[in-house]
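Owing to the predicted nature of the structure, the values given are computational and were not obtained by experimental measurement.
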Amino acid sequence: LVEYAESGVGRGTPLGYVVDLRTKRVRKVPIPLITYGGAFHPDGKSVLLYGSQRGVLWRVDLRTGRVVRRRKIGDRGHGLGFPFPDTLMVLRHKILHMVDPTTLRPKGRIRTRRFYPGFSHIEGTVVGPGLVWLRNKPWLYLIRLTR
């Protein structure tokens, strides 16, 4: 669960809440401003968070709540997903970024203009294994990814 917070509003760094459904324990972790995207790291020990306002990607250790890594990706994005087990995709309106989920180093990118010209607002886009359901109102594009 994430708090929605914009720069200059509220009390400092917003928080995310990780809820263990077995133990009912709630752990607080710092999150970037306007966190639109989040995904658990495949190792289960950290969470990846994308803050749209400042365009940053964070990797947060779930045990300590500390930010382990951060990388500037670019603003105006919406979500995260894993098209491949070793690749995180950060969904921005004009670019789909592939990133190593551990180091946060870039692995490649795809411009959305490859699929359609003009305006791009991809809120509601979903990433699945080897696929992206790219939503640009009112259209939905199914993109099959290969290595």
Query - Donor-acceptor under 3.5 Å (R92 side chain, R76 main chain) - result: no
Requested in this report: Keeping the roles fixed (side chain from E3, backbone from L15), state whether a donor-acceptor pair exists under 3.5 Å.
Outcome: yes
Query raised in the report: Can T87 and K107 be said to form a side-chain hydrogen bond (donor to acceptor under 3.5 Å, both in side chains), step by step?
Result: CA-CA 8 Å; T87 303; K107 294 177 82 172; 3.1 Å; yes
Requested in this report: State which residues pass side-chain contact (heavy atoms from CB on, under 4.5 Å) with R70; sequence neighbours excluded, sorted by chain then number.
Outcome: W58, V67
Query raised in the report: Are any non-hydrogen side-chain atoms of V56 and Y50 less than 4.5 angstrom apart?
Result: no
Report task. Evaluate the side-chain proximity of D100 to L88: yes if any heavy-atom separation is below 4.5 Å, no if none is. Result -> no
Query - Pairwise distance CG(L62) to CZ(R27) - rounded to 0.5 angstrom - result: 6.0 Å
Report summary line: By ring pair (Phe, Tyr, Trp, His ring centres under 6.0 Å), H97 pairs with (sequence neighbours left out) none
**Report entry** Qualifying side chain to side chain donor-acceptor pair (under 3.5 Å) pairs, either residue in residues 29-49, two or more places apart
**Finding:** H41-D43, H41-T102, D43-R59, S46-R59
Report task. Write out all pairs satisfying side chain to side chain donor-acceptor pair (under 3.5 Å) with one or both partners inside residues 137-147, taking only residues at least two apart or from two chains. Result -> D86-R147
Requested in this report: Tell me, please, which residues at least two apart from R63 pass salt bridge (charged side-chain N to carboxylate O under 4.0 Å, His left out).
Outcome: D61
Acceptor/donor pairs from residues 125-135 side chains to any protein atom, 3.5 angstrom cut, sequence neighbours excluded:
unit_1: T125; atom_1: OG1; unit_2: I122; atom_2: O; d: 2.7
unit_1: T125; atom_1: OG1; unit_2: R135; atom_2: N; d: 3.0
unit_1: R135; atom_1: NH1; unit_2: E123; atom_2: O; d: 2.8

